[in-house]
Every structure is written in structure tokens, then in C-alpha cells.
**Student:** 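Have a look at this one before I ask anything.
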Amino acid sequence: MKTKIIFVTGGVLSSLGKGLSSASIAAMMEGRGLSVRNLKMDPYINVDPGTMSPYQHGEVYVTDDGAETDLDLGHYERFSSQTTARENNFTTGKVYESVIRKERRGEYLGRTVQVIPHITNEIKNRILRLATDSTDLLIVEVGGTVGDIESLPFLEAIRQLRFDWGRENVLYAHVTLVPYIKTADELKTKPTQHSVKELRSIGVQPDFLICRSDRLLPADIKSKIALFCNLPAERVFSAPDVDTIYRLPLLFGDEGLGDAICQELNIWTRKPDMRMWEDVVQRFLNPKATTRIGIVGKYVHLVESYKSLNEALAHGGLPHQARVELEFVSSDELEKGDLTPIAKMDGILVPGGFGERGSEGKIAAVRYARENGVPYLGICLGMQMAVVEFARHVLDLEGANSREFDQSTEHAVIDLMEEQKEITMKGGTMRLGSYPCRIEDGTLAHSIYGTNEIAERHRHRYEVNNDYRERLDAAGLRATGTSPDGLLCEIVELKDHPWFFGCQFHPEYKSKPNQPHPIFTSFVRAALEHSKRRGEGTSSEASGVSSLAGTLLTDPPGGVSVES
Ligand code: GLN
């Protein structure tokens with residue numbers, strides 16, 4: 001059977017959840033036994049989002065094969081069993097890059113190179129590359145909003161593909177907004193009408209509409225939309241606000257989207273088996289405990305920039321039937337000296353990051369966690385800051401720092417390593433993608449993973465400086481996971497602390513709601529235990545609050561009492 005393709009476009013405005021809709025379709029169809037793949041096409045000119053600021057673009061999602069991609073690929077992996085790769089995301093920049101290369105090599109035989117057919121052909125080829133024999137259904141999300149100048153070549157390419165690939169093998173789904181206007185007490189269909197009109201003017205008649213709204217659409221609204229948009233009312237679906245995003249595949253199924261897709265594409269599948277998603281939703285909605293994690297970072301006011309992390313922490317609570325409340329703490333704020341925001345936390349997490357701003361605040365957060373027995377998880381930069389903090393305050397190496405933040409430091413405990421340079425010389429400047437790691441027996445890392453061999457995804461330049469490894473180890477901050485040759489430090493953990501773990505890689509990329517990543521499961525368990533201990537000991541209200549300038553008194557985990 002030829003791979004069936006669903007194109008997902010978006011109208012009216014961005015952030016409507018096209019990515020989640022595409023991922024939910026994948027989940028729903030995988031539940032029917034189909035093998036699914038997702039692709040995201042981004043109309044911007046950047047060759048990939050690797051260089052874009054998190055303010056602009058949100059999280060950069062890293063694949064096993066080391067591609068820096070759009071965060072929607074994270075949704076695709078979390079909602080299905082597929083592992084995405086470089087080919088699951090491309091941009092206008094990438095398309096032009098390859099067309100221009102071909103032109104320079106003379107592959108166009110002297111012809112004038114044009115948007116149609118050369119750019120559109122390149123787009124079509126890249127789509128069809130994923131339509132392999134082993135793929136039943138390919139879901140292709142077109143980034144941006146219909147009406148954008150940048151989107152046009154993509155929309156033209158998908159218009160043509162219906163002819164090339166066969167009418168019966170291609171569907172168009174369009175995600176739009178149906179806003180509720182309070183003053184009129186009405187759901188408004190006009191934005192949807194306009195957006196579909198725009199799409200039809202370039203030759204694409206949607207087969208389905210997925211309407212984002214704050215509620216389920218009533219039948220009369222669906223009929224009205226159907227009439228104006230030239231499709232049957234049974235092809236208008238609601239995508240209401242949901243209590244948890246993992247409900248969407250169930251909701252789409254209930255609305256009949258799965259049946260409709262099978263009907264339109266003329267395929268037979270088994271009855272949907274969505275028990276896994278029902279279980280995930282049940283666990284999300286019936287927590288028996290709550291724990292509070294403080295995330296100390298630079299982009300704290302932008303939730304999109306820690307998408308996978310937020311999800312992974314929520315997943316980590318599921319096996320414990322616990323709700324994980326996330327409190328974002330700006331490292332800039334901590335830097336000013338007031339640690340109140342983290343003193344109330346059951347666990348502290350410093351995520352990945354680049355650039356100096358806020359690093360002293362992160363170091364202060366690590367110190368607080370280390371000295372007060374608060375569970376600490378440091379990811380990438382968060383691990384590096386844990387090493388710096390330990391070097392400064394336990395090894396007494398004054399001014400210890402990462403080379404990234406202090407070029408002339410006498411103690412660059414985090415530095416560019418020769419071993420790392422060898423890797424990065426092959427391509428960019430960063431260690432990107434999946435690398436193996438060997439874990440030592442009898443360690444926290446081993447108890448978390450239950451195995452000695454793991455592989456996790458990386459995105460960084462700097463490494464723990466091997467010149468300091470012995471001293472760190474002797475004083476209690478041990479490298480319990482390393483590259484198989486032992487030369488790159490991948491995991492550090494602290495002796496005599498309830499739970500203190502740093503990893504050079506990003507475990508959050510591989511966490512799924514039905515398979516929470518074990519690091520997060522373990523971290524949340526430690527946080528739950530910490531809050532229990534705290535409840536039994538000094539209450540959080542009674543405990544004092546430290547200041548950067550003051551002395552932090554180390555207390556056993558039983559009672560957190562800190563005095564300045
Ligand atoms: N900036 C650090 C490095 O390049 C950490 C990167 C990260 O946290 N992803 O090594």
C-alpha cells in the first residue's frame with residue numbers, strides 16, 4: 001500500500017496547536033495499529049532553529065542523529081512510538097540551500113531555476129523521502145499561517161502532491177480558530193471562513209477542519225462553518241481547551257476524526273486501542289500528592305523554551321500519582337541575593353542554557369540544594385554549575401568557573417576538552433545528538449537506569465575538565481557515568497546527599513507520558529520524600545531564608561533551617 005499522507009495547515013493565527021493536533025492524529029492512528037511518521041516543514045529562512053533565540057522560537061529539540069529541530073518534533077515523539085531524525089524537519093533555508101548547491105554543480109543543465117518547479121520539487125522530494133514502505137501514514141505539518149508570503153511554496157507543493165501521489169492517498173486538514181466573543185455570547189465563524197477562503201484561493205480545499213475553541217462546537221456552528229467552507233458538517237471537528245494535552249487523541253477519536261480519516265483515505269484498521277492514553281489521562285487527573293519543583297533559568301518567563309523539560313517533569317510524577325507543580329525562578333533574581341523563591345521548593349532543577357547572564361544565581365541555587373539536602377537535578381549547564389559550585393565551595397578553588405563564562409579563570413573546571421574537539425571538528429561546534437554512556441555499579445545513576453549502558457542526547461560545547469576529576473571525586477562529587485572510554489564525564493552525583501544528580505545530556509528529550517524518563521521519576525520521588533521529611537521536621541514557613549552574602553548552615557535533611 002502506498003503511504004497515505006495528511007497535510008496539516010493552520011489559519012487565523014499562530015500558536016493554535018497545529019503541532020499538538022498533528023501529534024494527536026499520530027497517536028490516534030497508531031492506536032489503530034498503523035505505523036505513523038510526522039514531518040514538520042518550517043517556512044522561515046534559518047537553515048535550522050539551532051541559532052534562533054529561545055525568545056523567538058521556544059525550545060530547540062535535539063534528535064538522536066544530532067539535528068537541532070523544531071519543538072513540535074518533541075510532541076511527535078511524546079505522542080507516538082516514532083523516533084524522529086534530521087529528515088523529520090526542514091525549513092525554507094534548507095530547501096534553498098540544497099537547490100542553490102545543485103545549481104552551482106550544474107545539475108539544472110543551464111535552465112532558469114525558479115520557485116515553481118525547482119523549489120516546490122525540492123519540497124515534494126523531501127516530503128516523499130519519508131513516505132517509505134514501512135510507513136502507513138505520514139502526517140505533514142506546514143508551519144506558519146496560511147496567508148504568509150513564506151508559506152506559499154509549501155502550499156503550492158502540497159497542492160501538487162495530491163495529483164502526483166493520488167487523490168485517494170492525500171488529505172488536507174486545516175486548523176483554525178473559532179473564538180467565543182463574550183459580549184455577544186457567541187462563537188464566531190468568520191475567521192475560519194476567511195482562512196479557508198485564503199486556502200482555497202491557492203487551490204487547496206480542506207477535507208477536514210479542526211477548530212480550536214474554548215469549548216466543543218455545537219452542531220449549528222459546525223453546519224454554518226461547513227456551508228461557508230464547502231465541506232460536510234461531519235468533517236468539522238472541535239479541538240476544545242483541555243485539562244491535559246494528552247486527552248486530545250481521545251477527544252479527536254470521540255469526535256469521529258479517526259473514522260473519518262479512514263473513510264476518506266479508504267483504509268481499514270483495527271478498532272482503536274487507546275487504553276494507554278486513557279490511563280495517562282486518569283493519572284494526570286487524579287493525583288494523590290503534589291510536589292513543587294523550582295526551575296532556575298534565564299528564560300523563565302517563556303514556557304515554550306522548556307517544553308520537553310516541563311513535560312518530562314509532569315511525566316515523572318505519573319508513576320507516583322503525583323502532580324508536579326513547576327515554579328520558574330529567574331536566576332537573575334537569585335543573583336541579587338534573595339533565595340526566598342527557592343527555599344520553599346521540594347526539589348531544585350537547573351536546566352540547560354547558554355551565555356553568562358544568571359550563572360551566579362544558578363550557582364547559588366546549587367549551593368542551597370547541596371547544603372540543605374534539597375533534591376537537585378542539573379541538566380547540561382545545570383550539571384556544569386554544580387561542578388563549579390563544588391569546586392569553589394568544597395575544593396576551595398577560588399574563582400573556579402566554566403571557560404564559557406570566564407576566559408581567564410585560573411580554575412576552568414568546565415572547559416573545552418580535546419576529546420570533545422575531535423567530535424565537534426567533524427561538523428559544527430557542538431556535541432549534538434545521542435552518545436553512549438557507561439554507568440558505574442552501585443551508584444544512584446545505576447539505580448535509576450538499572451543498567452550500565454545508556455545513550456542520551458547532547459547539545460553543548462563544554463565538558464568537565466579531566467584535570468579536576470580526581471579532586472572532585474575524592475571530595476565527594478563523583479563521575480558515575482562517562483563516555484565508554486572514560487574521557488568525557490556524563491553524570492556526576494554527590495555522596496552523602498539524599499538526591500543530587502547532574503547529567504551532561506538532556507534526558508527530557510526522551511521522556512514520554514507512558515514511559516516517563518527514569519531520571520525524572522526518581523527526581524520527583526526524591527522531591528516527594530523531601531517534602532514529607534520537611535513536613536515532619538521544621539515547617540517551611542518556620543525555616544529562615546538564606547542570603548547569598550550570609551552563611552548557609554548545613555542541616556541534615558530532617559529539618560531545613562537556614563540562617564543568614
Ligand atoms: N553552555 C553550555 C555548553 O555549551 C551548556 C549547554 C547546555 O546546557 N545545553 O556546554
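Both counts, for ligands and for their atoms, begin at 1 and track the order of listing.
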**Student:** Between His517 and Phe523, does the ring centroid distance fall short of 6.0 Å?
**Tutor:** no
**Student:** Classify the side-chain pair Arg37/Ser80 by whether it contains a donor and acceptor separated by less than 3.5 Å.
**Tutor:** no
**Student:** Is it the side chain, the backbone, both or neither of Glu463 that has a heavy atom closer than 4.0 Å to ligand 1?
**Tutor:** neither
**Student:** Going by distance only, is there an N or O of Cys380 that falls short of 3.5 Å from an N or O of ligand 1?
**Tutor:** no
**Student:** Look only at interatomic distance and state if Glu404 has a nitrogen or oxygen under 3.5 Å from any nitrogen or oxygen of ligand 1.
**Tutor:** yes
**Student:** Quick check: Tyr509 with His458 (ring centres under 6.0 Å apart)?
**Tutor:** no
**Student:** So which of Gly352, Gly382, Gly353, Ser402 gets nearest to atom 5 (C) of ligand 1, if we judge by its closest heavy atom?
**Tutor:** Gly353
**Student:** I'd like to know if the side chain of Tyr449 pairs up with that of Glu456 as donor and acceptor (distance under 3.5 Å, no hydrogens or angles considered).
**Tutor:** yes
**Student:** Report the nearest protein non-hydrogen atom to atom 10 (O) of ligand 1: residue, atom name, distance rounded to 0.1 Å.
**Tutor:** Tyr462 N, 2.8 Å
**Student:** Side chain, backbone, both or neither: which applies to Arg459 and ligand 1 if a contact is any heavy-atom pair less than 4.0 Å apart?
**Tutor:** backbone
**Student:** Considering the options Val329, Leu326, Val296, Leu313, which one meets the side chain to side chain contact (heavy atoms under 4.5 Å, CB included) requirement together with Leu349?
**Tutor:** Leu313
**Student:** Using atom types as modelled and distance alone, determine if a side-chain donor or acceptor of Asn88 lies under 3.5 Å from a backbone N or O of Ala85.
**Tutor:** yes
**Student:** Going by the atom numbers of ligand 1, which of them fall below 4.0 Å from some non-hydrogen atom of His506?
**Tutor:** 9 (N)
**Student:** I need the contact type for Met430 against ligand 1. Using non-hydrogen atoms and a strict under-4.0 Å cut-off, is it side chain, backbone, both or neither?
**Tutor:** neither
**Student:** Non-hydrogen atoms of Gln384 versus ligand 1: any pair closer than 4.0 Å?
**Tutor:** yes
**Student:** Taking atom 4 (O) of ligand 1 as the point of reference, which of Met383, Arg431, Arg403, Arg461 owns the nearest heavy atom?
**Tutor:** Arg461
**Student:** Do we see a donor-acceptor contact under 3.5 Å between the side chains of Glu122 and Ser98?
**Tutor:** yes
